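All of these numbers come straight from a predicted model, not from anything done at the bench.
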Amino acid sequence: MKFNDFFLIKYGPEILQHTLEHLWLVGVSIGIATLVGIPLGILITRQRNLRQPVLIIANIMQTIPSLALFGLLIPVPIIGGIGTTPAIFALTLYSLLPIIRNTYTGIIGVDPAIREAGRGMGMTDRQLLLQVEIPLAMGVILAGVRVATVIGIGIATIAAAIGAGGLGELIFRGISAVNNQLILAGAIPAAVIALLADFAIGWMEGRLRIRGK
């Protein structure tokens with residue numbers, strides 16, 4: 001087999017293009033999910049009556065099959081249709097649960113003695129949250145972002161079914177053409193991205209946990 005026949009070389013330009021599309025889909029959706037999920041997680045530590053409804057809704061979003069959710073969004077105005085918008089919206093919904101849950105768990109898990117010491121120093125609830133609880137919980141919160149990112153990278157491959165691009169384009173083309181090289185050209189980079197993201201966020205998580213001790 002010639003060097004140029006190796007599928008990663010043969011489909012190199014397409015892999016690069018779809019990898020960038022994939023990173024865009026995941027990066028934007030995780031960014032939005034983080035901006036929404038962390039405040040929601042904080043909210044349910046303060047408003048305990050909202051905990052069950054928020055977590056139940058987030059759990060329901062996770063249980064809907066991804067392909068079905070993408071399909072259901074097609075006829076929806078503004079956020080639906082074909083392309084990146086419904087894909088990002090769906091990926092954001094899938095990413096919320098681990099971020100909300102870990103934010104809640106991390107803040108609730110702060111040692112009550114530390115919390116009481118802060119109150120004894122005259123800290124307001126806002127100061128306690130920003131200066132004590134969030135810094136101590138950041139390792140757990142980041143673990144939620146880590147899980148959401150890895151999940152998002154995998155689910156983003158299905159977004160190609162609604163014309164959102166990404167590495168799923170190569171996988172779907174490979175399946176329709178019964179071409180294993182095309183399937184691998186999409187699957188291997190997606191797996192590598194997931195492993196690198198997991199390692200990088202895991203490293204940051206470990207550093208934050210050490211600082212929090």
Side-chain angles (χ1 to χ4, degrees), residues 1-37 61-62 64-74 76 78-99 142-208:
M1 183 177 71
K2 295 180 180 178
F3 180 72
N4 288 339
D5 290 336
F6 183 53
F7 68 91
L8 290 177
I9 303 298
K10 183 178 179 181
Y11 299 109
E14 287 187 84
I15 292 172
L16 178 59
Q17 176 194 338
H18 292 306
T19 297
L20 293 175
E21 293 170 352
H22 208 89
L23 291 172
W24 167 256
L25 289 173
V26 175
V28 172
S29 59
I30 293 298
I32 296 171
T34 301
L35 291 174
V36 174
M61 291 299 102
Q62 283 259 329
I64 300 174
S66 51
L67 191 57
L69 181 57
F70 286 128
L72 289 170
L73 287 174
I74 292 175
V76 178
I78 302 175
I79 60 170
I82 299 294
T84 57
T85 300
I88 288 171
F89 184 78
L91 289 170
T92 299
L93 292 179
Y94 276 113
S95 304
L96 282 173
L97 178 62
I99 296 174
L142 203 57
V145 175
R146 177 185 181 185
V147 171
T149 302
V150 174
I151 291 172
I153 291 168
I155 295 177
T157 57
I158 303 172
I162 57 169
L167 291 164
E169 288 277 355
L170 296 172
I171 296 172
F172 279 111
R173 277 171 51 197
I175 292 171
S176 61
V178 197
N179 184 331
N180 287 337
Q181 287 192 350
L182 267 174
I183 295 172
L184 290 173
I188 290 177
V192 170
I193 292 170
L195 288 171
L196 289 175
D198 184 62
F199 175 79
I201 301 174
W203 179 82
M204 289 189 289
E205 177 193 336
R207 298 284 294 180
L208 287 170

*Asks:* With sequence neighbours left out, write down each residue that passes side chain to side chain donor-acceptor pair (under 3.5 Å) with R146, or none if nothing qualifies.
*Replies:* D198, E205
*Asks:* For S29, which residues count as a side-chain contact (heavy atoms from CB on, under 4.5 Å) partner, sequence neighbours excluded?
*Replies:* I88, L91, T92
*Asks:* Mind checking the CG-CD1 spacing from L25 to I155? Nearest 0.5 Å is all I need.
*Replies:* 12.5 Å
*Asks:* Do I162 and P86 have side chains that get closer than 4.5 Å, going by heavy atoms?
*Replies:* yes
*Asks:* Can you confirm whether H22 sits close enough to T157 that some side-chain heavy atom of one is under 4.5 Å from a side-chain heavy atom of the other?
*Replies:* yes
*Asks:* Just by modelled atom types, is the S66 backbone N or O under 3.5 Å from a matching donor or acceptor in the Y94 side chain?
*Replies:* yes
*Asks:* For L195, enumerate each residue passing the side-chain contact (heavy atoms from CB on, under 4.5 Å) test, keeping only those at least two apart in sequence or located in another chain.
*Replies:* none
*Asks:* Any idea which heavy atoms bring I82 and G163 closest together, and the distance?
*Replies:* CG2-CA, 4.1 Å
*Asks:* What are the two closest heavy atoms between A148 and S95, and how far apart are they?
*Replies:* CB-O, 3.6 Å
*Asks:* Rounded to the nearest 0.5 Å, how far apart are CD1 of I64 and CG of L72?
*Replies:* 7.0 Å
*Asks:* How long is the gap from CD1 on I175 to CD1 on I183, to the nearest 0.5 Å?
*Replies:* 5.0 Å
*Asks:* Show me the pairs that pass salt bridge (charged side-chain N to carboxylate O under 4.0 Å, His left out) and involve residues 80-97, at least two apart or across chains.
*Replies:* none
*Asks:* With sequence neighbours left out, what residues match A197 under side-chain contact (heavy atoms from CB on, under 4.5 Å)?
*Replies:* T149, I153
*Asks:* Looking only at heavy atoms, what is the nearest atom pair of A87 and F70, with distance?
*Replies:* CA-CE2, 3.7 Å
*Asks:* Which residue pairs pass the side-chain hydrogen bond (donor to acceptor under 3.5 Å, both in side chains) test with at least one member in residues 164-178, sequence neighbours excluded?
*Replies:* E14-R173
*Asks:* Just how far is it from atom CG of L182 to atom CD1 of I15, taken to the nearest 0.5 Å?
*Replies:* 9.0 Å
*Asks:* For the pair M61 and L97, evaluate side chain to side chain contact (heavy atoms under 4.5 Å, CB included) and give the outcome as yes or no after the intermediate values.
*Replies:* CA-CA 8 Å; M61 291 299 102; L97 178 62; over 6 Å; no
*Asks:* Sequence neighbours excluded, which residues qualify as side chain to side chain donor-acceptor pair (under 3.5 Å) partners of H18?
*Replies:* E21
*Asks:* Of all heavy-atom pairs between A156 and V26, which one has the smallest distance, and what is that distance?
*Replies:* CB-CG2, 3.8 Å
*Asks:* With sequence neighbours left out, what residues match L67 under side-chain contact (heavy atoms from CB on, under 4.5 Å)?
*Replies:* I158, A161
*Asks:* Is there side-chain contact between L167 and T19, with at least one heavy-atom pair below 4.5 Å?
*Replies:* yes
*Asks:* Atom CZ in F89, atom CG in L69: separation rounded to 0.5 Å?
*Replies:* 8.0 Å
